[in-house]
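Nothing here was measured: the structure is a model prediction, and the numbers come from that model.
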Protein chains: 2
Amino acid sequence: MSKMDLNTEQAILEAAKQVFIQKGMDGARMQEIADKAGINKSLLHYYYRSKNKLFEAVFKEAFFKFIPNIMDLMNSELPLFEKIRLFAINYIDIINENPLMPVFIMHELNRDPAKVAEMIKSTGINPSKIIIQINEEVAKGEINPIDPFHLIVNLISMCIFPFVAQPILQYVIFNENSEVYAAFIEQRKREVPEFIINSIKKDKRS
Amino acid sequence: MSKMDLNTEQAILEAAKQVFIQKGMDGARMQEIADKAGINKSLLHYYYRSKNKLFEAVFKEAFFKFIPNIMDLMNSELPLFEKIRLFAINYIDIINENPLMPVFIMHELNRDPAKVAEMIKSTGINPSKIIIQINEEVAKGEINPIDPFHLIVNLISMCIFPFVAQPILQYVIFNENSEVYAAFIEQRKREVPEFIINSIKKDKRS
DNA sequence: GTCTATATCGGGATAGAC
DNA sequence: GTCTATCCCGATATAGAC
C-alpha cells in the first residue's frame, strides 16, 4: 500500500464519516461521499468493496471512540466525586467534537440490534469496578443509599441527552441561537457533577 | 369518505407508523408498509399522495404526542416537587408505549432541522411558567440555587435517555434481559424524582 | 490507482381495468 | 376503492480503458 493510497483511503473514510453520521446508512449516498472526498464514485468500491463495508468501517470507528475509553476513567482508583467530575468534563468534550455521534450510534444500533453484542463483546466494557466503589461508599455511609446503576445512568443521561435533543432544546430554550446553546452545554461540565454530588452526598437528610 | 375508507386509511397509518418509526424515513419501504397494512402498494398512493406525505402524517402525530401535552402539567399550579414526581411517572409511561419514539424523532429532526421550527411553532410550547416557579422557589430559599434550564434538562434527560440508549444499556447492565430492563425503567419513575429532589431540597448544605 | 461507461436492480409513482 | 401492470429514475456495483 503506497503513500498515496493511504491518503486517498483516509480521505474516503473522512468523507464517509461526515456523510454517514449526518444522514445515516440509509440516507447516505455514495455519490455524495465521493464528491466530498474529491474522487470518483467507483474508487469507493476499489478501496471498500461495498457501501455496507464502508459503513461498517465508519461505524466501528465511531463506536469505539465514543463508548469505551471513558471506562478507563470509571475503573480508575480516583475518589468517587472526582470521577464524576472528570467524567462529565471529558465526555462532554469528546461529544462536542462530534455532536451528531450519539443520535447516529443509537439510530444505527436500533436499525441493526445484532450489532450491539458484536461491538461490545470486542471491547472490555465492564462497569463492575465503579459499581463496587459506589456500593462501598453507601455501605460506609459516605453517600446516601442509591442503586449504582441508576446513579451511572443518571450521569450518562445528563451528559449525552442534551446533544441528542439539541435541535429541540436549542429552539425551545434559546430560540435557535447555537452559540448560547454551546455555552449552556459548557456550563453542564460543572452543573451536572454538582447536581449529582449534591444529591448523593451525606449530611443532608437528618 | 365511507366507513371502509376510514378503516383502510387507519390501517395504512398504523402500518406506516410501525415501519417508519422502526426504520426511519430513508430505511422504510412502501412495500413493507403495504404488506403490514394488508393492502396493495398503489393504495398507499391513493390515500396519501407520496411516501413523503405519508411520512409527514406519521411524524406529526408522533411529535405532537410526545413533545407537548406534558407541558400542561409543567404549567399547572402544582407544587414543584409534585410536578417533578408526576412528570417522571407520566412521561415514562407515555414513552413506554412506544420506546423507539425518541430516537426516531431525534434522528428525523436532525435529518431535516427545518422541521423543528415548523413543528414547535404550531404547538404552544412555552416553559415560562415552570421557570418562574423554580426561580421563585430559589428566591424564597425553599430550594438550593439552580438554573431552571439545567434542572429541567436534567429531568427530561434522565427520563428519556434510558430509552434512547436502551440497546447498549440493556446489554451492558443486564445482559440483554429485556424484562429486567423494563423493571429498571419502572423503578426510575420513583428514582429519578427522588434523585432530583434530594439534590435541590434545602437543609443540606450549611 | 483512477477514470468513464454501463449493467442491474430496487423502489416510488402512475395508468388503467375492474 | 382496490387491484395488476408498468414506467422510470436513482443508486449500487462492475467492466474495462488508461
Engineer: May I ask you to verify whether the side chain of A:Ser42 and the base of C:dT2 hold a donor-acceptor pair under 3.5 Å?
Structural biologist: no
Engineer: Over how many whole Å does the gap from A:Lys51 atom NZ to C:dG10 atom P extend?
Structural biologist: 15 Å
Engineer: Determine yes or no for a side-chain-to-main-chain donor-acceptor pair under 3.5 angstrom, with A:Glu9 supplying the side chain and A:Tyr47 the backbone.
Structural biologist: no
Engineer: Quick one: A:Tyr46 OH to D:dC18 C1', roughly how many Å, whole number?
Structural biologist: 14 Å
Engineer: On the ring face of A:Phe59, is A:Arg111 found with NZ or CZ under 6.0 Å from the centre and within 45° of the axis?
Structural biologist: no
Engineer: For B:Asn52 and C:dG12, give me the distance from atom CG to atom C1', rounded to whole Å.
Structural biologist: 12 Å
Engineer: Among C:dC3, C:dT2, D:dT4, find the nucleotide with the atom closest to the side chain of B:Asn40.
Structural biologist: D:dT4
Engineer: I'd like to know if B:Lys41 reaches the base of C:dG12 with its side chain, counting only an N/O donor and acceptor under 3.5 Å.
Structural biologist: yes
Engineer: Rounding to an integer number of Å, can you tell me how far B:Ile33 CD1 sits from C:dA13 P?
Structural biologist: 11 Å
Engineer: In residues 19-32 of chain A, which residues come under 4.0 Å of DNA chain C by heavy atom?
Structural biologist: none
Engineer: Please determine if a side-chain N or O atom of A:Ser50 lies less than 4.0 Å away from the OP1 or OP2 oxygen of D:dT12.
Structural biologist: no
Engineer: Check the distance between D:dA13's C1' and A:Leu54's CG and give it to me in whole angstrom.
Structural biologist: 14 Å
Engineer: Could you give the CG-to-P distance, from B:Leu44 to D:dC3, as a whole number of Å?
Structural biologist: 10 Å
Engineer: Once hydrogens and angles are ignored, does a donor-acceptor distance under 3.5 Å link the base of C:dT2 to the side chain of A:Thr8?
Structural biologist: no
Engineer: Counting distance only, does the side-chain N/O of B:Asn96 pair as donor-acceptor with the main-chain N or O of B:Glu186 below 3.5 Å?
Structural biologist: no
Engineer: Before you tell me yes or no, could you show the steps for A:Asn40 and A:Ser42 under side chain to side chain donor-acceptor pair (under 3.5 Å), namely the whole-Å CA-CA distance, both residues' side-chain angles and the distance that decides it to 0.1 Å?
Structural biologist: CA-CA 6 Å; A:Asn40 192 279; A:Ser42 57; 3.1 Å; yes
Engineer: What integer distance in Å separates A:Ile12:CD1 from C:dC3:C1'?
Structural biologist: 13 Å
Engineer: Regarding A:Asn126 and A:Ser128, do their side chains bring together a donor and an acceptor under 3.5 Å, going by distance alone?
Structural biologist: yes
Engineer: Only one of A:Lys53, A:Met30, A:Gln31, A:Lys51 clears side-chain contact (heavy atoms from CB on, under 4.5 Å) with A:Leu44; which?
Structural biologist: A:Met30
Engineer: Below 4.0 angstrom from OP1 or OP2 of D:dT2, is there any side-chain N or O of B:Tyr47?
Structural biologist: yes
Engineer: What is the separation between atom CG on B:Leu43 and atom C1' on C:dT14, rounded to the nearest whole Å?
Structural biologist: 14 Å
Engineer: If you count heavy atoms of other groups shown closer than 6.0 angstrom to CD of A:Glu118, is the number above 12?
Structural biologist: yes
Engineer: Within the structure, does a side-chain N or O atom of A:His45 lie under 4.0 Å from either OP1 or OP2 of D:dT14?
Structural biologist: no
